[in-house]
Protein chains: 2
Amino acid sequence: MPKALRGTTLARYETRARIMKALAHPTRLFIVDELADGPRCVCELTTMIGADVSTVSKHLLVLKSAGVVASEKRGAQVFYTLRTPCVRSWPSCVEGVLAADARRARLVAG
Amino acid sequence: MPKALRGTTLARYETRARIMKALAHPTRLFIVDELADGPRCVCELTTMIGADVSTVSKHLLVLKSAGVVASEKRGAQVFYTLRTPCVRSWPSCVEGVLAADARRARLVAG
DNA sequence: TGGGCATTTGGCCAAACCGCCAATGGTTGC
DNA sequence: GCAACCATTGGCGGTTTGGCCAAATGCCCA
């Protein structure tokens, strides 16, 4: 039975893509990395990122909608936590890709 | 020294995001999954995906630009191979996210 | 209850994305 | 050579993204 991209199979890949897309932004990758060290409130993240608070808030909404992070209200502040720590291992795989590219580039150049 | 999203750090996250973005599409995730079982030519992938050849070709270009796949010409056909098999483990992590969501949904509903 | 802080939401605009069609370049085989 | 096939590239509309500003919401404390 050949694989094909329709029906139920398509739906599964769409769901996966939604999560991947949530991580496909430098700011959001930074947030994930930061939350891996523990919960952070929006104001802390905003300071580190150096963008408008509304921008950071929207990035967090994207991550939350994808199920990657969770939010918890403490008084006037909202703390975000990483819900799926395994995503943290992805960048190391990515670095592997980059390293391979660098090797290839050296081979081509040399 | 607090983390911050500027300069060299920003550049690293941008590079990572570029790779994540390459995978942030259902069709491209399907391609990666398919290539994990071995090389495939564009025509094979096109048949399975059921889209225009040009569309598939462009998706492959995106993956190739990100360093995720490599291409090799064999006669009139072009075969693509997965260059970084580790990306294949990502979806299982993603499934974990989805399972957690499903559990939570059941808790809320029940 | 009113002011101040933390966060979210809506709106706007430029840029990027995605799909198809049409046109082009390569390769095989007659 | 040319006809058929494989694949890539360019271009066009429709949709989505990402940033900021401005306004609204929620919470704490005086």
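In what follows, chains are A, B, ... by sequence order, proteins preceding strands, each numbered from 1. What you are looking at is a predicted structure, and each value in this text was computed from that prediction instead of being measured.
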### Message
Just the rounded figure in Å: distance from P of D/dG10 to CG of B/L61.
### Response
10 Å

### Message
Can you measure B/K58 atom NZ to D/dA7 atom C1' for me and round it to whole angstrom units?
### Response
13 Å

### B/M20 CE to D/dT17 C1', straight-line distance once rounded to whole Å
17 Å

### Query
For B/S54, which contact category applies under a 4.0 Å heavy-atom criterion: base, sugar-phosphate, or nothing?
base

### Query
Between atom CD in B/E72 and atom P in D/dT8, what is the gap in whole Å?
13 Å

### Summary
Taken to the nearest whole Å, CG/B/L63 to C1'/D/dT8 is 16 Å

### Query
What is the 5' to 3' range of DNA chain C, first to last nucleotide, that sits under 4.0 Å from any heavy atom of chain A?
C/dA6 to C/dG11

### Message
Tell me which one of B/V56, B/D52, B/T55 satisfies side-chain contact (heavy atoms from CB on, under 4.5 Å) with B/T46.
### Response
B/V56

#### Entry: Interatomic distance where CG belongs to B/L60 and C1' belongs to D/dC6 [whole Å]
13 Å

### Message
Between A/R18 and A/T15, does the side chain to side chain contact (heavy atoms under 4.5 Å, CB included) criterion hold? Intermediate values first, please.
### Response
CA-CA 5 Å; A/R18 217 170 301 133; A/T15 315; 4.2 Å; yes

### Query
Under a single-linkage definition using a 4.5 Å side-chain heavy-atom cutoff for Ile, Leu, Val, Met, Phe, Trp and Tyr, are A/V62 and A/L35 assigned to the same hydrophobic cluster?
no

### Summary
Separation of D/dA7 atom C1' from B/I49 atom CD1, nearest Å, is 14 Å

### Task
Report yes or no: do B/V68 and B/F79 belong to one cluster of Ile/Leu/Val/Met/Phe/Trp/Tyr joined by side chain heavy-atom distances under 4.5 Å?
no

### Query
Can you find a side chain N or O atom of B/Y80 that sits less than 4.0 Å from OP1 or OP2 on D/dT8?
yes

### Query
Taking the side chain as C-beta and beyond, is there a heavy-atom pair between B/R88 and B/D33 under 4.5 Å?
yes

### Summary
In whole angstroms, the gap separating P of D/dA7 from NZ of B/K73 amounts to 9 Å

### Query
Considering only heavy atoms from C-beta outward, does the side chain of A/S71 approach that of A/K64 to under 4.5 Å?
yes

### Query
Side chains of B/I31 and B/E34: does their closest heavy-atom pair fall under 4.5 Å?
no

#### Entry: Which residue lies more 5' along DNA chain D, comparing A/T27 with B/F79 via nearest heavy atoms
B/F79

### Task
Could you tell me whether B/R74 contacts a base, only the sugar-phosphate backbone, or nothing, with contacts defined as non-hydrogen atoms closer than 4.0 Å?
nothing

